Amino acid sequence: MTSLTPESALPVTSVRAALRSPRLLKTEALSGLMVALALIPEAISFSIIAGVDPRVGLFASVTMAISIAFLGGRPAMISAATGAVALVIAPVMRDHGFDYLIATVLLAGVLQVVLGLLGVARLMRFIPRSVMVGFVNSLAILIFLAQLPHLVGVPWLVYPLVALGVLVMVFLPRLTTAVPAPLVAILVVTAIVLITHSGVPTVGDEGELPDSLPSLFWPNVPFSLDTLRIIGPYALGMALVGLLESLMTAKLVDDVTDTPSVKTREAWGQGVANVITGLFGGMGGCAMIGQTMINVKGGGARTRISTFLAGGFLLVLLVGLGDLVGLIPMAALVAVMVMVSVGTFDWHSIRPRTLRRMPRSETSVMLATVVVVVATHNLAIGVVVGVLVAMVLFARRVAHFTQVAEVPTSEPDTKVYAVTGALFFASSNDLVHQFDYRGDPARVIVDLTDSHVWDASTVATLDAISTKYARYGKTVEIVGLNAASAERRDRLAGTLGAGH
């Protein structure tokens with residue numbers, strides 16, 4: 001007889017375990033509802049950034065969330081219309097119109113599928129921890145800054161309502177965790193506004209909500225090289241930004257939940273989801289860290305069910321309950337996002353004790369990432385800059401580990417140099433100046449037993465050293481090369497030019 005798999009034996013991200021457990025299913029459903037409510041003003045805002053009708057962003061959020069629930073490699077992560085993607089594709093809408101925008105989304109999706117299958121997700125291992133910390137901190141700052149427009153030039157009652165929402169989310173979990181505190185805060189603040197007829201800004205004030213289901217759409221653009229030249233650069237930019245933000249978010253959720261994800265599947269899954277979204281006339285998107293943090297930290301969700309229900313609830317709220325959703329005060333959603341910002345920020349990273357112990361280079365990388373992201377409002381640019389700064393500082397640090405020392409020898413008319421450390425472009429460029437070409441004897445031995453030749457720059461440097469000694473009628477022997485270094489030198493020596 002086949003025994004049933006016990007719930008405790010299934011992984012925490014298992015859909016089967018959640019479906020068998022009323023408690024887990026309730027957590028997933030309530031978390032999905034909370035995310036759906038928070039998605040509405042965000043999607044409307046991003047639609048405005050992209051220059052499209054709010055319904056385009058809202059339907060994109062529906063199709064992205066539902067699609068990625070099946071296709072993605074990171075359970076419980078939320079994908080929807082995002083500000084990063086909106087910024088990339090906004091010029092297409094402005095200069096060429098809606099049809100070209102949708103064509104751009106479709107092409108970006110195809111490119112993401114190709115990049116995912118080519119293994120671009122494996123590049124994530126080259127992103128240092130300090131960049132990840134900067135990414136998280138800058139995201140928290142951006143989430144908070146995005147709430148400020150809803151707190152400026154508004155009725156005074158907005159401020160106590162936001163404060164009330166924050167207090168509910170701080171103190172309710174100390175009494176009970178039966179329902180997500182952010183959802184309770186939304187309901188409490190909404191009830192107060194409806195009862196008192198306060199007249200504070202609501203979701204309905206942000207833009208028109210749809211009253212019908214999305215339908216299939218095919219862009220009316222010429223299938224030609226001219227079209228490709230117009231949309232190609234923007235599609236590539238959207239594909240790269242979307243993948244980077246999604247993979248970084250997946251890595252963050254891995255750490256928060258202590259569960260693994262399949263990054264390659266997430267990469268091509270984002271592409272397929274964008275193609276589906278484009279076919280329904282949506283503006284495309286990628287993973288949303290703010291909403292994902294609401295889902296996994298605020299709601300405690302861990303499976304694909306919450307992602308699917310977030311898209312499903314959003315569709316029901318828009319089409320079936322649009323009038324009611326429009327009554328939710330923005331103060332309630334601002335309070336939720338403020339708490340998401342506070343919970344996302346890595347406060348440990350800026351404690352004086354941490355900063356004193358952390359190498360200055362690590363702190364510099366983190367700060368560079370934060371400054372660029374906050375200045376550009378583009379997470380992808382900040383991460384790229386952070387990685388480049390980390391590479392430069394790492395190369396500079398490693399270069400200083402290379403040393404050249406004289407070794408005593410009994411052989412007559414001979415001098416031996418021992419080179420230690422990694423030899424690559426940053427360290428080998430100085431290596432050529434570490435020898436006494438004029439004063440050394442006729443025979444010179446350079447021992448590389450404790451070093452490694454990493455690149456062509458080092459081979460060119462070794463050639464330059466031999467050339468300089470040859471000018472004075474002296475010979476050089478390069479000894480101690482390991483197998484990989486010897487193979488590289490044998491293949492490249494004499495073909496690169498002296499270089500000095």
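It should be emphasised that the depicted structure is a prediction, and the values quoted were computed from it without experimental measurement.
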- prompt: Does a side-chain heavy-atom distance below 4.5 Å link D95 with Y100?
  reply: no

Under 3.5 Å: donor-acceptor pair, side chain of S261, backbone of K263: no

task: Report the C-alpha separation of L279 and L106 in whole Å, then their side-chain angles, then the decisive distance to 0.1 Å, and conclude whether the side chain to side chain contact (heavy atoms under 4.5 Å, CB included) test is met.
output: CA-CA 8 Å; L279 291 175; L106 292 172; 4.0 Å; yes

task: Scan residues 66-88 for pairs that pass side-chain hydrogen bond (donor to acceptor under 3.5 Å, both in side chains), counting only residues two or more places apart or in two chains.
output: R74-D254, R74-T259, S79-Q270

field: Distance-minimising heavy-atom pair for L25 and A18
entry: CB-O, 3.5 Å

- request: Mark yes or no for whether Q147, through its side chain, and V338, through its backbone, hold a donor-acceptor pair below 3.5 Å.
  value: no

query: Mind checking whether V170 and M339 have side chains closer than 4.5 Å, heavy atoms only?
result: yes

message: Using 0.5 Å steps for rounding, measure from the CG atom of L252 to the CE atom of M77.
response: 10.0 Å

- request: State the CE-CD1 distance between M93 and I102, to the nearest 0.5 angstrom.
  value: 9.0 Å

Beyond-backbone contact of Q291 with L39, side-chain heavy atoms, under 4.5 angstrom: yes

field: Side-chain donor/acceptor of T227 to backbone N/O of F223, under 3.5 Å
entry: no

statement: Of all heavy-atom pairs linking L317 and L37, the shortest is CD1-CD2, 3.7 Å

task: Grab the two heavy atoms, one from D99 and one from W218, that are nearest each other, plus how far apart they are.
output: OD1-O, 4.4 Å

query: Under 3.5 Å, is there a donor-acceptor pair between the side chain of S246 and the main chain of C286?
result: no

- prompt: Passes side chain to side chain contact (heavy atoms under 4.5 Å, CB included), M330 versus V200? Steps please.
  reply: CA-CA 8 Å; M330 287 301 301; V200 297; over 6 Å; no

- request: Using a 4.5 Å cut-off on heavy atoms from C-beta on, say whether the side chain of M293 contacts that of V253.
  value: yes

field: Close side-chain approach of P128 and V131, heavy atoms under 4.5 Å
entry: yes

task: Ignoring hydrogens and angles, tell me if any N or O in the side chain of T303 forms a donor-acceptor pair with the backbone of I305 under 3.5 Å.
output: yes

message: Given 3.5 Å as the limit, does a donor-acceptor pair link the side chain of S31 with the main chain of G300, or not?
response: no

query: Does a donor on one side chain sit under 3.5 Å from an acceptor on the other, for D455 and T458?
result: yes

message: On a heavy-atom basis, which atom in V275 and which in V110 lie closest, and how many Å separate them?
response: CG2-N, 3.9 Å

query: Ring centroid separation for F98 and F217, is it under 6.0 angstrom?
result: yes

message: Side chains of L71 and W268, heavy atoms from C-beta outward: is any pair under 4.5 Å?
response: yes

task: Could you tell me whether F308 and F70 have their ring centroids closer than 6.0 angstrom?
output: yes

query: Taking atom OG of S47 and atom CZ of R55, what is their separation to the nearest 0.5 Å?
result: 10.5 Å

message: Between S138 and F135 (side chain of the first, backbone of the second, donor and acceptor by atom type, cut-off under 3.5 Å), is there such a pair?
response: yes

Candidate pair V342 and W347, rule side chain to side chain contact (heavy atoms under 4.5 Å, CB included), full reasoning: CA-CA 9 Å; V342 172; W347 297 101; 4.1 Å; yes

field: Point-to-point distance, once rounded to the nearest 0.5 Å, from CG of L318 to CD1 of I40
entry: 5.0 Å

- request: Can you see which heavy atom on P329 is nearest to which on T190, and at what distance?
  value: CD-OG1, 3.3 Å

query: Do L24 and L19 come close enough that some side-chain heavy atom pair is under 4.5 Å?
result: no

message: Would you compute the distance between atom NZ of K251 and atom CE of M132 and round it to the nearest 0.5 angstrom?
response: 5.0 Å

- request: Kindly give the heavy-atom pair with the smallest separation between T277 and M283, and that separation in Å.
  value: CG2-N, 4.3 Å

Side chain to side chain contact (heavy atoms under 4.5 Å, CB included) between L164 and V188, intermediate numbers included: CA-CA 9 Å; L164 175 62; V188 169; 4.2 Å; yes

query: Taking side chain as C-beta onward, heavy atoms only, is V373 less than 4.5 Å from I381?
result: no

field: N/O donor-acceptor pair under 3.5 Å between R302 side chain and V296 backbone
entry: yes

- request: Starting at CG of L115, measure out to CG of L236 and round the result to the nearest 0.5 Å.
  value: 7.5 Å

- prompt: Taking N274 for the side chain and G285 for the main chain, is one N or O donor matched with an acceptor at less than 3.5 Å?
  reply: yes

message: Using modelled atom types and a 3.5 Å cut-off, is there a donor and acceptor pairing between side-chain atoms of S341 and backbone atoms of A140?
response: yes

